[in-house]
Each structure stands twice: as C-alpha cells, then as structure tokens.
Amino acid sequence: MDDKTIVTDLACKETAAADASLLLDWYDRHHRTLPWRTSPADAALGVLPEPYQVWLSEIMLQQTTVGAVKDYFTAFLARWPTVTDLASADEDDILKAWAGLGYYSRARNLHKCARTVVDEYGGRFPETVPELKSLPGIGDYTAAAIAAIAFDEPVAVVDGNIERIIARLYRIDEALPAAKKPIKQRMGDLTPQERPGDFAQAMMDLGASLCSPKKPACALCPFTGACAAEAVGDMERYPVKAPKKEKPTRRGAAFLIRRGDGALWLIKRPDKGLLASMAAVPTTDWFDKKAGEGFDPATALEKAPDGLAFKKKTGQVTHTFTHFHLLLEIYEAASDEARPTPEGWWSTPQSIKGEALPTIFRKVVEFVP
DNA sequence: AAAGCGGGGGT
DNA sequence: ACCCCAGCTTT
C-alpha cells in the first residue's frame with residue numbers, strides 16, 4: 001500500500017462512514033437466540049435457517065413484537081412442522097391457533113400461501129424477491145427478508161426499525177412514506193454481499209435495542225461517530241413522519257346468550273372486513289358518535305336477538321383497534337332453545353378456550369360486572 | 001397516497 | 001394518553 005492510499009484511508013476514518021462490518025461485529029457479540037433462528041454455532045458455520053420457518057416467523061412478526069410472537073411460532077411449528085402440513089390444515093383450525101395475535105387476514109393469507117407453495121412450487125419456497133412478492137401476504141419487506149435470511153440474497157431489507165436507523169444515519173429530512181425510496185436506496189448501498197441475512201437481522205436487533213424511537217443509546221451503538229443525526233444531537237427527529245389522525249369512539253351492545261349448563265351462543269363473523277371469519281357473540285352495529293348517529297342504550301334491545309329477555313349488565317367492555325376505540329354495553333339472557341338466532345353454535349365452558357375469539361370478544365365472554 | 005386492519009408493551 | 005412494532009391489501 002503506498003502513501004497516497006494511506007492518506008485516503010485516514011481521511012475516510014475521519015469522516016467515519018457507516019460500514020456493514022461495524023454492525024456484523026456487533027451482531028456476533030450480541031447475537032440473540034430466537035426460536036426461528038439457527039443456533040449461533042450453526043450460524044457461524046453459514047448454516048441457513050429453514051425457509052418455512054423464516055416465512056412463518058416473518059408473517060407473524062408483521063407489525064407484531066418478538067415477545068408476542070414467540071409462543072405462537074412454537075405452537076404452529078409443533079402442530080404444522082412443514083409447509084405441506086399447513087397447506088392441508090383446516091382454515092378454521094389456523095384461525096383458532098392465530099386468535100389473539102391480531103391482523104387476522106395474515107392467518108387466511110398464511111393458509112393461501114402454503115397451498116400455493118405446495119400446489120405451484122412443489123412444496124419449496126421460491127428464492128427470488130419477485131416470486132416471493134407474488135405470494136399472498138408477502139410484500140416488499142417480507143419478500144426481501146426471506147430472500148436475504150433463508151436464501152443468502154444480498155437484497156435491501158427495510159422494516160420500521162431499519163427506516164429509523166437509516167433516516168438517522170443519513171439524516172433524511174423527507175417525511176415517510178415518501179422517504180421510503182431514498183431509505184431503500186441507502187440500505188441497498190450499505191448491505192454487504194456476504195451475510196446479507198445476518199446484516200438485516202442485525203439492523204433490526206439494533207433498532208429494537210439501542211437505536212430506539214426515544215432516548216437511543218448512541219454511546220453503545222456500533223455506528224457511533226458515523227451517524228449524521230447523532231452528530232447534531234437530533235436523533236429523535238428521525239424518521240420524520242406525517243401527523244396521525246385521531247381515533248373516533250364507536251359504541252354498541254353485545255348480547256350474551258347463556259344456556260343452563262353455562263354454554264354461550266357464538267356466531268361467525270362475515271368473511272370480509274374487521275375480524276373477518278372470526279368467532280364472536282351477537283352485537284348491534286357499532287356507531288360512530290361523531291357521525292351524528294350516537295348509540296342510544298335505550299334502543300339496543302330493538303336490535304337484540306328475537307324472543308329473549310335480555311337484562312343489561314353494569315359496566316362496559318372497551319377495546320382499541322387500529323383506527324377507532326370501541327365501547328360495548330353488555331346484555332345477557334338465558335335460553336335453552338336448541339338454536340337461537342342469528343345462526344351460530346353453542347360453546348361450552350370447556351370448548352370456549354379453543355374458539356377463534358379475537359381479544360375484544362374474549363373480553364366480552366369473560367366479562368364480569 | 002391514504003385507509004383499513006389487532007393487540008400489547010413501553011413511556 | 002400516545003407511540004411503536006421484522007407490513008399487507010385495497011381503494
């Protein structure tokens with residue numbers, strides 16, 4: 001190496017450009033073991049994880065924290081060890097196993113995707129981003145994540161954590177979602193040819209630990225000194241986002257129909273829209289008070305299932321969805337009819353635990369005044 | 001580009 | 001109360 005090269009290297013060090021090896025070294029020292037990762041020993045040998053497990057974990061992790069996913073992932077893998085097993089499963093069994101995890105279209109798309117992989121790809125996941133993206137439930141992020149982690153493809157993986165890190169490293173002032181394009185470009189430039197999957201996971205680990213939305217731990221960060229936002233002490237400004245809309249409150253009534261043996265009458269929700277295809281108890285429509293059609297508890301009984309003597313219970317059940325708050329009044333009636341309306345089924349105290357009840361209706365059936 | 005789509009944990 | 005999370009699909 002001649003003198004001129006040395007001078008160039010020194011100059012680079014002073015400007016301290018972010019570099020993938022800084023992060024990979026950090027990752028090798030802080031590697032977290034997770035149910036869907038290969039062991040650190042295997043990873044060091046370059047052993048890639050099973051594509052089925054990478055896919056399953058990535059679908060579960062969409063907008064969902066690692067802590068919430070772990071037990072669901074373990075249970076799914078034990079019950080359906082391969083994509084072929086999942087493809088031949090009953091969709092209602094998948095919805096029951098998914099209940100409580102949220103974003104239920106993921107569970108329906110999971111089943112569709114498994115069937116496509118079996119029917120169209122002979123039970124093996126495709127390895128390219130365009131083919132992966134064509135599968136149900138797989139978008140830009142998940143396609144890149146599977147390609148990088150399961151197939152060692154050096155593609156730019158960008159999730160919410162990585163958007164934050166990149167926006168800070170390069171002080172990107174454009175607001176999301178417009179900033180997605182330059183962020184993906186920067187991530188592509190930073191992604192190494194070697195160990196692209198580890199690099200992506202290292203970035204996400206960094207975002208989940210040190211480069212947090214509030215009070216990032218810059219002193220411990222492998223990119224310290226190479227981060228434009230840190231240099232000006234304005235980390236929490238990035239990524240710039242559009243202001244959020246406020247959530248309206250909707251109100252309605254829920255109807256518990258209870259049999260002598262304690263069984264409850266459940267219904268299946270429509271196959272489109274909120275909580276599609278999930279189990280529930282009968283309810284009124286949910287009215288947005290701001291829309292001028294305020295819910296009147298006195299008229300709730302007009303919408304109640306026919307022929308039953310409902311009594312209003314004290315207290316309400318509340319729940320917050322992505323785009324509104326919900327407040328439900330609870331009514332209860334005894335019935336020993338064989339089949340009350342609307343169409344549904346009796347679920348006994350023993351069977352109700354296994355029903356595909358989303359959390360809001362889990363709260364309703366467990367309601368105690 | 002914006003809206004619809006869950007639930008829980010951290011602050 | 002607000003923020004965010006290993007986002008995707010539809011409008």
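Residue numbers begin at 1 in each chain, while the letters A, B, ... track the order of the sequences.
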Among [options], the one nearest [X] by side-chain distance:
| X | options | result |
| --- | --- | --- |
| Asn161(A) | dG7(B), dC4(C), dC5(C) | dC5(C) |
| Ala208(A) | dA6(C), dG6(B), dC3(C) | dA6(C) |
| Tyr141(A) | dA6(C), dG6(B), dC4(C) | dA6(C) |
| Trp36(A) | dC4(C), dC5(B), dA6(C) | dA6(C) |
| Leu275(A) | dG7(B), dC5(C), dG7(C) | dG7(B) |
| Gln201(A) | dA6(C), dG7(B), dC5(C) | dA6(C) |

Is a side-chain N or O of [X] found less than 3.5 angstrom from the main chain of [Y], in a donor-acceptor match?
| X | Y | value |
| --- | --- | --- |
| Asn109(A) | Arg106(A) | no |
| Arg164(A) | Tyr238(A) | no |
| Arg269(A) | Ala280(A) | no |

Measure [atom1]/[X] against [atom2]/[N] and give the value in whole Å, please.
| X | N | atom1 | atom2 | value |
| --- | --- | --- | --- | --- |
| Asn109(A) | dC5(B) | CG | C1' | 12 Å |
| Lys272(A) | dT9(C) | NZ | P | 14 Å |
| Arg250(A) | dC5(B) | CZ | C1' | 11 Å |

Run the ring pair (Phe, Tyr, Trp, His ring centres under 6.0 Å) check on Phe321(A) and Phe324(A) step by step: do they pass?
CA-CA 5 Å; Phe321(A) 294 99; Phe324(A) 64 93; 5.0 Å; yes
Could you tell me whether the phosphate oxygens of [N], OP1 or OP2, come under 4.0 Å of any side-chain nitrogen or oxygen in [X]?
| X | N | value |
| --- | --- | --- |
| Tyr104(A) | dG7(B) | yes |
| Thr142(A) | dC8(C) | yes |
| Thr65(A) | dG7(B) | no |
| His319(A) | dG7(B) | yes |
| Lys214(A) | dC2(C) | no |
| His323(A) | dC5(B) | yes |
| Gln62(A) | dG7(C) | no |
| Arg164(A) | dC5(C) | yes |

Indicate, yes or no, whether a donor-acceptor pair under 3.5 Å links the base of dG8(B) to the side chain of Thr359(A).
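Result: no qualifying N/O pair found.
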Pair of N/O donor and acceptor under 3.5 Å linking dG6(B) base with Thr322(A) side chain
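Such a pair is found, so the answer is yes.
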Pick the closest DNA chain B nucleotide for Leu101(A) and for Ala178(A) by heavy atoms, then say which residue is nearer the 5' end.
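The answer here is Ala178(A).
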For Gly102(A) and for Pro177(A), locate the closest nucleotide of DNA chain B by heavy-atom distance; then report the residue assigned to the nucleotide nearer the 5' terminus.
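Comparing both residues, the 5'-ward one is Pro177(A).
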Starting at the 5' end of DNA chain C, which residue's closest nucleotide do you reach first, Pro136(A) or Leu34(A)?
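Nearest nucleotide further toward 5': that of Leu34(A).
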Verdict with supporting geometry, Arg108(A) and Glu91(A), salt bridge (charged side-chain N to carboxylate O under 4.0 Å, His left out):
CA-CA 7 Å; Arg108(A) 295 189 302 280; Glu91(A) 180 169 297; 5.2 Å; no
Both distances below 3.5 Å, Watson-Crick or wobble geometry, any strand: find the nucleotide opposite dG6(B).
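Base partner found: none.
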Same-atom distance (P) from dG4(B) to dA6(C), integer angstrom:
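One P to the other, the span is 24 Å.
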Do the side chains of His319(A) and Leu327(A) get nearer than 4.5 Å, heavy atoms only?
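They are not in contact (no side-chain heavy atoms under 4.5 Å apart), so the answer is no.
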